[in-house]
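Since the model is a prediction, treat every value here as computed from it, not as a measurement.
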Amino acid sequence: MKNRNKTAAWRPALRYIGAYKPLLALSLLLSALSVAATLYIPILIGDAIDMMLQHDTTGIITGKLIPAVLLACIGGAAGWLTGVMNNRICYNVVRNARAEAFEHLQEVPLAYIDSRERGDIISRITTDAEQMGDGLLLGFTQLFSGVLTVAGTLGLMLALEPVIAAAVAVLTPMSLLIARFIAKRTHSMFLRQSAARAEQTAFTEEILTNRKVVAAFSRQEESCRRFSELNREVEATSGRAAFFSSLVNPSTRFVNAIVYAAVAFIGAVAAKNGAITVGLLSCFLSYANQYAKPFNEISSVITELQNALACASRLFELTSAPVMSADGERELHGDSGVRLEHVSFSYVPQRPLIRDFSLNVPKGSRVAIVGPTGCGKTTVINLLMRFYDPQSGRILMGGTDIKDITRRSLRHNYGMVLQDTWLCTGTVRQNIALGRPDASDSEIEAAARFAHAHEFIVKLPQGYDTVVSDDDSISQGQKQLLCISRVALCLPPMLILDEATSSIDTRTEMKIQDAFARMMQGRTSFIVAHRLSTIRNADIILVMKDGNIVEQGTHEQLLKSRGFYYRLYNS
């Protein structure tokens with residue numbers, strides 16, 4: 001299972017890398033040039049030593065040392081260029097992986113996002129992608145040159161002295177076996193480390209987002225205690241992973257030291273017996289170091305590589321999440337009425353919410369939905385907007401199932417004002433024009449006046465050019481007025497108002513209700529409200545309880561029936 005997970009993690013990474021084949025080929029070519037230059041230098045130095053021992057100093061500098069210096073410069077330049085290109089490849093891969101993950105998030109169902117901690121998703125796109133990039137970078141810089149160095153060194157040693165080369169070839173696999181043994185056991189540790197780090201990120205994001213609630217209920221100490229627990233978990237998992245993976249480096253260095261000692265001993269005996277020259281012995285000792293170096297480098301970054309593998313699996317788990325159901329092909333143009341036929345839906349299969357829900361809303365009708373908390377009012381809105389699809393039944397607009405309508409055109413025909421406001425980081429002008437970026441300044445100001453937001457906007461430091469965000473730069477009521485201004489600017493054929501004035505003071509709310517009345521004139525509108533006084537003029541009021549419509553009618557009709565709505569209204 002673990003091996004399959006590793007393969008699944010690296011397979012998409014290799015796909016990303018494949019997009020840069022020309023750079024990859026050039027990197028390999030330069031890496032080979034750097035290795036070749038580095039491997040030929042010991043031969044020149046060995047020849048120079050033999051010439052000195054034979055008192056043949058003529059031509060040592062011009063024939064051996066100057067070419068060695070030139071080769072060192074060529075090898076260094078090729079190595080630098082290889083590093084530059086590997087950097088570009090790796091960070092382009094990270095950029096593409098992040099972009100694909102973010103784009104994929106736009107395609108996954110809302111149920112996927114709602115069922116996961118936001119901090120965990122953020123951690124996958126940011127931290128995990130970065131850790132994967134670091135591992136890829138180390139893999140490029142170490143693996144390519146390392147493999148070439150090992151192959152080239154072993155080939156030259158076999159050509160120069162097969163006996164010494166055989167001793168090196170026999171002892172070296174011990175390094176690989178040790179590294180593999182430890183790496184197999186550290187992968188799961190790095191998975192636990194990534195999960196613990198994501199949980200800590202999610203908790204931090206949750207506390208920062210709800211810091212007022214934390215302060216209001218004096219939960220600072222409990223929050224700090226919980227964070228300390230998560231911090232200790234991250235420390236423990238990171239410590240275990242780092243400790244076991246760090247065993248690779250000293251273990252392989254020990255084996256490499258044995259290899260070096262074996263080369264020195266066998267070579268010294270051979271040189272004493274006249275089988276090889278002293279210069280060739282120095283060449284073999286240099287090769288022994290160069291041969292061992294790639295193993296030391298690869299083992300020294302085994303921690304990063306295992307961490308990168310764990311992070312890659314988490315990132316690609318996100319990009320492989322199932323996408324939304326197929327989009328329709330028909331375009332919706334204008335208000336055409338809505339009909340729900342035997343719709344059933346539940347967020348959790350074991351807990352039914354809406355059951356056999358049917359409703360016919362003629363074009364231009366004003367529908368109010370009321371009921372106690374959790375009865376399914378907002379869920380109906382989610383189904384109308386196709387944020388969720390019903391498990392059974394269907395929703396029709398103009399006689400067409402909304403599953404056959406493109407989501408873009410469906411949502412373009414709705415204007416939504418929700419209880420939960422959202423502002424993007426930008427100017428007030430940009431926030432109002434979110435749905436119509438091409439709107440003129442006069443149109444934006446007219447929409448703000450219509451929503452009674454103009455008065456507070458002009459009092460801001462830079463008026464319509466004041467930069468706001470979704471934090472506490474302006475009040476919740478002001479945010480809601482800006483959201484109403486957005487809808488007033490677009491003025492779509494249909495409206496959804498879900499507690500649209502919940503954060504607005506009573507006097508402004510009265511003005512907004514008049515504005516809403518003008519906006520809803522001739523438009524199919526759905527109004528969700530807790531304050532029943534705001535929906536008295538609705539054409540039809542749906543009273544929901546436990547996912548079902550228990551009553552429907554006008555305000556006066558429902559009061560006369562003295563049923564659930566009557567009790568709710570008088571409560």
Side-chain angles (χ1 to χ4, degrees), residues 325 328 330-346 352-372 375-407 409-418 492-500 516-517 519-529 532 534-561 563-566 568-569:
S325 56
R330 298 187 183 182
E331 296 287 329
L332 180 65
H333 301 287
D335 185 358
S336 54
V338 180
R339 189 165 78 251
L340 288 80
E341 296 181 346
H342 307 290
V343 170
S344 296
F345 175 80
S346 63
L353 179 59
I354 293 179
R355 290 161 291 188
D356 197 28
F357 185 94
S358 296
L359 174 67
N360 185 34
V361 181
K363 176 182 176 180
S365 300
R366 196 178 308 181
V367 180
I369 307 174
V370 300
C375 68
K377 301 187 297 296
T378 300
T379 301
V380 173
I381 302 303
N382 288 335
L383 294 174
L384 291 174
M385 292 291 290
R386 211 185 168 196
F387 293 149
Y388 291 85
D389 286 328
Q391 273 92 37
S392 63
R394 59 179 186 162
I395 301 173
L396 307 173
M397 297 188 69
T400 303
D401 193 324
I402 62 172
K403 291 182 179 179
D404 298 326
I405 300 172
T406 63
R407 288 185 175 90
S409 67
L410 172 68
R411 293 165 186 171
H412 184 73
N413 279 271
Y414 277 113
M416 290 185 68
V417 182
L418 306 179
M494 306 172 73
L495 294 173
I496 292 177
L497 309 176
D498 188 352
E499 292 293 335
F516 278 154
M519 286 174 61
M520 290 186 288
Q521 199 71 35
R523 289 180 172 83
T524 301
S525 305
F526 294 88
I527 312 153
V528 175
L532 303 186
T534 62
I535 46 90
R536 299 168 89 176
N537 296 323
D539 296 321
I540 184 172
I541 299 174
L542 304 179
V543 186
M544 294 189 66
K545 185 179 180 183
D546 300 328
N548 294 311
I549 298 177
V550 294
E551 292 179 314
Q552 58 180 298
T554 64
H555 174 70
E556 290 75 14
Q557 290 171 342
L558 293 172
L559 287 180
K560 288 180 181 178
S561 65
F564 184 71
Y565 179 84
Y566 175 83
L568 198 64
Y569 183 80

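With a 4.5 Å cut-off on side-chain heavy atoms, K403 and R394 do not count as touching. By the 4.5 Å heavy-atom criterion applied to side chains, V367 and I527 are not counted as neighbours. At least one side-chain heavy atom of H555 sits under 4.5 Å from a side-chain heavy atom of I541. Considering only heavy atoms from C-beta on, I369 comes within 4.5 Å of V380 through its side chain. No side-chain heavy atom of Q557 sits under 4.5 Å from any side-chain heavy atom of Q552. Using a 4.5 Å cut-off on side-chain heavy atoms (C-beta onward), F526 and V338 make contact. Between I540 and V361, every side-chain heavy-atom pair lies at or beyond the 4.5 Å cut-off.
With rounding to the nearest 0.5 Å, the separation of CG in L495 from CG in N413 is 11.0 Å. Note that OG1 of T379 is 7.5 Å distant from CE of M544, once rounded to the nearest 0.5 Å. The CZ atom of R411 lies 10.5 Å from the CD1 atom of I496; values are rounded to the nearest 0.5 Å. Here the OG1 atom belonging to T406 is positioned 10.5 Å from the NE2 atom belonging to H412, to the nearest 0.5 angstrom. The OG atom of S358 sits 4.5 Å away from atom NE2 of H342, with the distance rounded to the nearest 0.5 Å. Taking OG of S346 as the reference point, atom CD1 of I354 lies at 9.5 Å (rounded to 0.5 Å).
The two residues A368 and A538 have their closest heavy-atom pair at CB-CB, 3.8 Å. Nearest heavy atoms, E551 versus L558: CB-CD2, 3.8 Å. The shortest heavy-atom contact between D389 and F345 is O-CD1, 3.6 Å. Shown here for L559 and Y566, the closest heavy-atom pair between the two residues is O-CD1, 3.4 Å. Closest non-hydrogen pair, M397 versus I402, comes out as CG-CG2, 3.6 Å. Closest approach of V343 and P390 over heavy atoms only: CG1-CB, 3.7 Å.
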side-chain contact (heavy atoms from CB on, under 4.5 Å) between L383 and I395, intermediate numbers included: CA-CA 8 Å; L383 294 174; I395 301 173; 3.8 Å; yes
Under the criterion side-chain contact (heavy atoms from CB on, under 4.5 Å), I'd like the reasoning laid out for N360 against E341: C-alpha separation, chi angles, the key distance, then a yes or no. CA-CA 8 Å; N360 185 34; E341 296 181 346; over 6 Å; no
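Within 6.0 Å of CZ on R330 lie no more than 12 heavy atoms contributed by other residues, nucleotides or ligands.
T524 places no side-chain N or O within donor-acceptor distance of the main-chain N or O of M494, the cut-off being under 3.5 Å. Checking side-chain atoms of K377 against main-chain N and O of G371 turns up a donor-acceptor pair under 3.5 Å. Remark: side-chain polar atoms of R386 are not paired, donor with acceptor, to backbone N or O of N382 under 3.5 angstrom. Looking only at distances, a side-chain donor or acceptor of S344 sits under 3.5 Å from a matching main-chain atom of D356. In this structure a side-chain-to-backbone donor-acceptor pair under 3.5 Å is present from S409 to L332.
With no hydrogens or angles considered, a side-chain donor-acceptor pair links T378 and D498 at under 3.5 Å.
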